[in-house]
Amino acid sequence: MAAAAAPSSFSLLRLHPLSSFPSSLRRCRRTISTSRCRAMGPIIASIDNIREEEIVVVGAGIAGLATALSLHRLGVGSVVLEQGESLRAGGTSLTLFKNGWRVLDSIGVADELRPQFLQIQGLVMRADDGRELRSFVFEEEVPGQEVRAVERRVLLETLASRLPPNTVSFSSRLKSIRKEGNHGSLLELEDGGRIRAKIVIGCDGVRSPVAKWMGFSEPKYVGHCAFRGLGIYPGGHPYKAKVNYIYGRGLRAGFVPVSPTKVYWFICFNSTSPGPRISDPSVLKQEALSLVRSWPVELLDVMQNTPDDSVIKTPLVDRWLWPSLTPSASSNGVVVVGDAWHPMTPNLGQGACCALEDSVVLAKKLAAAMGGGQDSVDAAMQDYSQERWARIFPLTARSNLVGSLLQWDNPLVCAFRNNIMVPKLVSLGSFLEHTNFECEMLEPVASR
C-alpha cells in the first residue's frame, strides 16, 4: 500500500509503522457490501495525525446513512463514523408510512426496497380475547397511504450501497468533541484518532454523545417497555397483509407481515422501571410469551416461529423539545438529526420516518449554503432546526399521549376503550394526517 501512496504519505509511513497509527487513521473506512463490509480502504493521514474533513456524520444508522446519501445526491461529500465493526443488523423491523416512502423515493432507493416487502392493505384491532373491535382498509379510509414493514438490516444495507466507496468508517467510536474557533470541531475517537470537521452531523441515536455535548438532557423513560421479534416461515406464512393490534390491560401487542416468509411482532407492557438488562435472548422470548399465553393463537404462532436471537427488549423513551428550555438542534457547526435530537415512542410509527424527513431537509439546506461561507451554513442549520421543530415537537407529544391511552390498565377505562372508543370514535384518516409529507426528488449532481 505504501508504494502507491503520495510521497508525503510514504515518508510518513516510513517514520511511523502502520501499526503505530490509531485504527481510525489507518482508515477503517471500508467499502460497503451486503456481506458485513470487511474490505479495508486506503490510508489517509495528515502530518499532525489529524484528518481534515468538510462534513462528518456521526452514526451509520438510518438517519446517518440517509443524510450522507441525501448530501451525496446533491453533490456534497461526507464521512460517516460508525462505532461498530459493521452495519448494525439488530432491531428486527420497523414500519414505514407514506412520509418515509416519499423520502426514500427522493433519494432514489424506494424502488429497490418495495419489491422486498409487502404493501400493507389495512389494519385490524382486537381485544385480548380475540374479539374484533374494528378493521380498516387503507385505500378506503386514506387513499394513497403506503405502509410496509421493513427489515432494518436491509434498509441500512440499501442506503449504504448507494454511497461512494470508503464513505463509512467503521470501528470509529466518538470520545469527545471540542470546538476549535473558526476551524470547525475537533473530534477525538476512542482509539486515539482525531478528525477536524467544518460540519458535524450527530446521527448517533437515542444516547447520542453529540446531543449530550450540545447540552440536551437524557431521554426520559415513559413507563413502558417493548419486546420485538421477527417470525420466520421458510415455507410461507398464512397471514394477510394487515397490521394486527391486540389490546389488553396495561398490555398490548401486534404483528404485521414483512414479506411472504417473515412476520414482525411486538409486545408493549407497563413497567415502573426498565428492569435489569438481560442478554440471553431465549430468556427474553420466554418472558415475552409469559405475558400473552392466553392471547390469540396467531400472535403466539408468530412468536413461536421466532428465532431466539432475534428477540430484543427495549425501554421506551422520548425527549420533549420544550421551546426556550431545550437547546437548538444546531450550534457552532454541529447539528443533530433523528433519534439523537428527538427520540420518540413508537406509538405512531414515526421514529424512522421523521429521521428520514430530517435527513433530506437538512441536506437540501446545507447543499444550498455550502458556497456561502460559515455564516451561510450556520443560518441553514438554524433554519433546519426551526422548520423541523415545528413538526417534531407535536408528533413527540402526540405519540406519548397515544401510548399512555393504549396502556390503560383500569378495567373500566379498558372497557370504554374496547366498547366505545375504538369501535365508534377512532377515525383512521385524521389519525394518519401526520404522514402527509412531500419532498421533491434529489436529482444526482456531480460532487463538489
Side-chain angles (χ1 to χ4, degrees), residues 91-95 117-118 120-138 147-152 224-271 278 281-316 345-349 402-403 405-409 411 414-415 417-419 421-423 426 428:
T92 64
S93 297
L94 53 94
T95 304
F117 304 106
L118 297 173
I120 305 305
Q121 303 300 319
L123 66 86
V124 179
M125 301 176 177
R126 288 187 283 174
D128 56 4
D129 60 5
R131 175 169 52 101
E132 183 174 314
L133 306 176
R134 190 84 176 271
S135 65
F136 297 96
V137 175
F138 285 135
V147 185
R148 284 179 170 86
V150 175
E151 287 186 74
R152 184 181 298 270
H224 323 310
C225 290
F227 288 103
R228 298 180 176 94
L230 192 64
I232 307 296
Y233 294 80
H237 61 71
Y239 303 111
K240 294 180 179 180
K242 293 183 177 182
V243 179
N244 295 268
Y245 290 132
I246 307 167
Y247 303 118
R249 290 176 52 188
L251 182 66
R252 58 191 158 109
F255 63 92
V256 56
V258 176
S259 70
T261 59
K262 297 178 181 179
V263 181
Y264 166 70
W265 61 268
F266 75 88
I267 296 173
C268 186
F269 63 99
N270 293 348
S271 179
I278 299 174
S282 64
V283 174
L284 292 178
K285 182 176 177 179
Q286 291 306 312
E287 273 194 23
L289 283 167
S290 69
L291 293 172
V292 293
R293 290 201 183 277
S294 61
W295 284 38
V297 294
E298 297 93 340
L299 172 65
L300 300 179
D301 177 70
V302 173
M303 295 175 67
Q304 293 287 7
N305 280 278
T306 300
D308 288 353
D309 60 5
S310 77
V311 179
I312 61 173
K313 175 186 176 183
T314 53
L316 303 187
T345 55
N347 303 301
L348 299 181
V402 168
L405 294 176
L406 294 177
Q407 291 297 133
W408 282 329
D409 57 9
C414 288
R417 177 195 64 200
N418 291 355
N419 295 300
M421 188 181 81
V422 171
V426 172
L428 193 60

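The basis for the numbers below is simple: all heavy atoms, side chains too, and nothing from hydrogens, waters or symmetry mates.
Residues Val124 and Lys240 are not in side-chain contact: their nearest non-hydrogen atoms beyond the backbone lie 4.5 Å or more apart. A 4.5 Å side-chain heavy-atom check between Pro260 and Leu118 finds at least one atom pair inside the cut-off. Counting only heavy atoms from C-beta outward, the side chains of Tyr264 and Leu94 never approach each other to under 4.5 Å. With a 4.5 Å cut-off on side-chain heavy atoms, Met125 and Phe136 count as touching.
The ring pair (Phe, Tyr, Trp, His ring centres under 6.0 Å) check on Phe138 picks up nothing, with sequence neighbours excluded. A search for ring pair (Phe, Tyr, Trp, His ring centres under 6.0 Å) contacts involving Tyr247 returns nothing, not counting sequence neighbours. Legend: residues meeting salt bridge (Lys or Arg N to Asp or Glu O under 4.0 Å) with Arg148, ordered by chain and number and at least two apart, are Glu146. In this view, Ser310 satisfies the side-chain hydrogen bond (donor to acceptor under 3.5 Å, both in side chains) rule with no residue, not counting sequence neighbours.
Under the 3.5 Å distance criterion, the side-chain polar atoms of Arg134 are matched with a main-chain donor or acceptor of Val426. Between the Asn244 side chain and the Lys242 main chain, a donor and an acceptor come within less than 3.5 Å of each other.
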Please determine whether side-chain contact (heavy atoms from CB on, under 4.5 Å) holds for the pair Leu289 and Gln304, giving the CA-CA distance in whole Å, both sets of side-chain angles, and the decisive distance to 0.1 Å. CA-CA 9 Å; Leu289 283 167; Gln304 293 287 7; 4.0 Å; yes
Decide yes or no on side-chain contact (heavy atoms from CB on, under 4.5 Å) for Thr92 and Trp265, but give the supporting numbers first. CA-CA 9 Å; Thr92 64; Trp265 61 268; over 6 Å; no
Please walk me through it: do Ile120 and Thr95 pass side-chain contact (heavy atoms from CB on, under 4.5 Å)? CA-CA 10 Å; Ile120 305 305; Thr95 304; over 6 Å; no
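For Val263 against Tyr233, the heavy-atom pair with the smallest separation is CG2-CE1, 4.0 Å. Closest non-hydrogen pair, Ala241 versus Pro257, comes out as CA-CG, 4.2 Å. Between Gly130 and Pro296 the shortest heavy-atom distance is CA-CG, 3.9 Å. In plain terms, the two heavy atoms of Gln407 and Cys268 that are nearest each other are OE1-SG, 3.4 Å. Smallest separation of non-hydrogen atoms from Cys414 and Gly248: SG-O, 4.0 Å.
Pairs of residues two or more places apart, or lying in two chains, that qualify as salt bridge (charged side-chain N to carboxylate O under 4.0 Å, His left out) and include a residue from residues 291-301 are Arg126-Glu298. Evaluation of the salt bridge (charged side-chain N to carboxylate O under 4.0 Å, His left out) test over residues 260-271, restricted to residues two or more places apart or in two chains, returns Glu151-Lys262.
For the atom pair CH2 (Trp295) and CG (Asp128), the distance works out to 5.0 Å, reported to the nearest 0.5 Å. Atom CG of Leu230 is separated from atom CG of Asn305 by 11.0 Å, given to the nearest 0.5 angstrom. Taken from CG in Leu299 to CD1 in Ile246, the straight-line distance is 4.5 Å, to the nearest 0.5 Å. Atoms CG and CE, on Leu405 and Met421 in that order, are 6.0 Å from each other to the nearest 0.5 Å. With values rounded to the nearest 0.5 angstrom, Leu133 atom CG is found 7.5 Å from Asn419 atom CG. Summarising the geometry, atom NE2 belonging to His224 is positioned 6.5 Å from atom CZ belonging to Arg252; distances are rounded to the nearest 0.5 Å.
Relative ring orientation between His237 and Tyr239 is described as parallel, the plane-to-plane angle staying below 30° on a 0-90° scale split at 30° and 60°.
Within 6.0 Å of the OH atom in Tyr245, the count of heavy atoms belonging to other residues, nucleotides or ligands does not exceed 12.
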